[in-house]
Amino acid sequence: MLLALALSGCSGGSGGNGESEQSREAKVLERLAELDTGPKWDTASRDGSLMARLPAGWSEVPDIDPLALLTLSSGPVTGRIISPCLPGAVLDELPTGGALVRVSENFPPARRGGAADRYRPRPSHFRLGRRRPSECGYSYSLGFREGGRELAVWIWTKPAVVDSGSGIQGSRPGRLSPVTRRQLLRLLDGLQVRPAAVDPIRVPTLALDCRNPPNTLDCDRVWVQVNTRIRMKRLSIRVNRWWAGRGDGWVSSGQVMSLPTKLRTAPSGNTPMPVAARSGTVWGGVIQQAGLRGGGAAFERTLPGPGGRWVGTGVGADPRIRADLQVITPRGRWDFRNVELIAGHG
């Protein structure tokens, strides 16, 4: 049918009505698009393992949590989430009745009992249930299992301002509007989750590990952690390129000529963040010659001062350094662009 349509749209010479060839081709492409009824994904997680259709007006929110796959808001926001737990000021930017949604992945998958009971097989349709208090504040929380993976969904609402008397204002968790609730449930029902065996590598986590000399490019040590959704026999990583953020954009270090660094699953206490390995799915190590020196002064200015320690983002806290990485495993190679450094030592 598609071939017949294309032939009928492109035959007949110049046409008796003066219609140009470009116009006829545009109509054919338009008809082909109408016949394509398959899903059209609006956004995907940075590791490509999760895809979603965004309702009208929804947008993505930058999220510092290394386990977060997708973080979405029911309206445009300018802020970003700088805590793995609390969304902070981003909630204040939501429209009334709006929602902030984070889809994250549990690593490594929980064993039987305890936390594992939260992750039941994915239902055909999601229900929000009741909003409950947790260490991350009042929120809706869902958990499900699919394709060998355990996914958690956290949903926050815009706080409502209340007058507690004597002119003192406070806040309480707001409610979802009926429209937002319908959009949210449609979004969750439409998530496409790729199986663990298809996309086994998560986005790596990077941290500057420079104690002596502290926080300088002369140290040139970068700590790295890689989570895998399945067991691997071995895993290595290398830096392909560094990027430093400036007021007028991002400057590249050029290609980094470094050999792959082998990572281990054994826990180590001499790292910026602990490697709590379990089931051979959490890999960690330090890239001794990471190529930071090749960035020059532009990179030096992005680092915190000696003795400084930073976690998260923001003016004075964000080193604004990113890396292009390649993870090498017996199952293949995975390239990741714009991986941020999220923590540092001094």
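Computed from a predicted model, the values in this text were never measured in an experiment.
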Quiz prompt | Single-linkage hydrophobic cluster, 4.5 Å side-chain cutoff, Leu176 and Leu185 together | solution = yes
Quiz prompt | Distance-only side-chain donor-acceptor flag, Thr78 / Glu93, under 3.5 Å | solution = yes
Exercise. Inspect the contact between Arg229 and Asp47 and indicate whether a charged nitrogen and a carboxylate oxygen are less than 4.0 angstrom apart.
Key: yes
Quiz item: What closest approach, in Å, do Lys262 and Ser236 show between heavy atoms, and which atom pair accounts for it?
Solution: CG-OG, 3.5 Å
Quiz item: So Leu325 and Ile237, side chain to side chain contact (heavy atoms under 4.5 Å, CB included) or not? Walk me through it.
Solution: CA-CA 7 Å; Leu325 305 171; Ile237 191 169; 4.1 Å; yes
Quiz item: Just by distance, with hydrogens left out, do Asp324 and Trp243 show a side-chain donor and acceptor under 3.5 Å apart?
Solution: yes
Self-check item: Any Met232 side-chain heavy atom under 4.5 Å of Pro200 side chain
Solution: yes
Quiz prompt | Side-chain touch Arg264/Leu235, heavy atoms, less than 4.5 angstrom | solution = no
Quiz item: Got Val153 and Leu151 here, is their nearest side-chain heavy-atom distance under 4.5 Å?
Solution: no
Quiz item: Do the non-hydrogen side-chain atoms of Val101 and Trp156 ever get within less than 4.5 Å of each other?
Solution: no
Quiz item: Which value, rounded to the nearest 0.5 Å, describes the distance between Ser74 atom OG and Arg181 atom CZ?
Solution: 13.0 Å
Practice problem: Taking the side chain as every heavy atom from C-beta outward, state whether Glu105 and Arg149 have any atom pair closer than 4.5 Å. | Solution: yes
Quiz item: Is Asp92 close to Val90 at the side-chain level, that is, under 4.5 Å between some pair of heavy atoms?
Solution: no
Quiz item: Are side-chain heavy atoms of Leu70 and Arg46 found at a separation under 4.5 Å?
Solution: no
Self-check item: Distance in Å, Thr180 OG1 paired with Trp58 CH2, rounded so as to fall on 0.5 Å steps
Solution: 6.5 Å
Self-check item: Leu54 with Val179, same ILVMFWY side-chain cluster at under 4.5 Å
Solution: no
Quiz prompt | Shortest non-hydrogen contact from Arg234 toward Trp283 | solution = CA-CH2, 3.6 Å
Self-check item: Distance in Å, Leu100 CG paired with Asp63 CG, rounded so as to fall on 0.5 Å steps
Solution: 8.0 Å
Quiz prompt | Derivation of the side chain to side chain contact (heavy atoms under 4.5 Å, CB included) call for Thr281 and Asn227 | solution = CA-CA 6 Å; Thr281 60; Asn227 297 85; 5.9 Å; no
Quiz item: Where do Ser73 and Ser59 land on the side-chain hydrogen bond (donor to acceptor under 3.5 Å, both in side chains) test, with the steps shown first?
Solution: CA-CA 5 Å; Ser73 65; Ser59 59; 3.1 Å; yes
Self-check item: Which atom of Thr157 lies closest to which atom of Gly174, heavy atoms considered
Solution: OG1-O, 2.8 Å
Quiz item: Shortest non-hydrogen contact from Phe126 to Asp189?
Solution: N-OD1, 2.9 Å
Quiz item: Which heavy-atom pair separates Ser139 from Trp154 by the least distance, and what is that distance?
Solution: OG-CE3, 3.4 Å
Exercise. Measure the OH-CG distance between Tyr119 and Leu142 for me, rounded to the nearest 0.5 Å.
Key: 11.0 Å
Quiz item: Rounded to the nearest 0.5 Å, what separation is found between the CE atom of Met51 and the CG atom of Leu191?
Solution: 10.5 Å
Practice problem: Heavy atoms only: give me the nearest Ser104-Ala68 pair and the separation to one decimal. | Solution: CB-CA, 3.9 Å
Self-check item: Aromatic Phe144 / basic Arg122 pairing, under 6.0 angstrom, 45° off normal
Solution: yes
Quiz item: Is it true that a side-chain atom of Ser253 and a backbone atom of Trp242 form a donor plus acceptor pair closer than 3.5 Å?
Solution: yes
Quiz item: So if you build clusters from Ile, Leu, Val, Met, Phe, Trp, Tyr with side-chain heavy-atom gaps below 4.5 Å, do Ile328 and Val224 land together?
Solution: no
Quiz prompt | Between Asp199 and Ser49: side-chain donor-acceptor atoms closer than 3.5 Å | solution = no
Quiz item: Side chains of Gln225 and Pro204: closer than 4.5 Å at any heavy-atom pair?
Solution: no
Quiz item: Going from CG on Leu259 to CZ on Arg238, what distance comes out if it is rounded to the nearest 0.5 angstrom?
Solution: 8.5 Å
Quiz item: What do the steps show when you test Leu187 against Leu72 for side chain to side chain contact (heavy atoms under 4.5 Å, CB included), and what is the final call?
Solution: CA-CA 10 Å; Leu187 183 152; Leu72 308 167; 3.8 Å; yes
Quiz item: Sub-3.5 Å donor-acceptor pair from the side chain of Lys158 to the main-chain atoms of Thr96, do we have one?
Solution: no
Exercise. Indicate whether the side chain of Asn240 and that of Gln326 have a donor and an acceptor atom separated by less than 3.5 Å.
Key: no
Quiz item: What's the verdict on salt bridge (charged side-chain N to carboxylate O under 4.0 Å, His left out) for Arg80 and Glu340, showing C-alpha distance, side-chain angles and the deciding distance?
Solution: CA-CA 14 Å; Arg80 60 185 300 159; Glu340 296 185 52; 3.2 Å; yes
Practice problem: Would you check, one step at a time, whether the test side chain to side chain contact (heavy atoms under 4.5 Å, CB included) holds for Leu184 with Tyr140? | Solution: CA-CA 12 Å; Leu184 173 59; Tyr140 298 96; over 6 Å; no
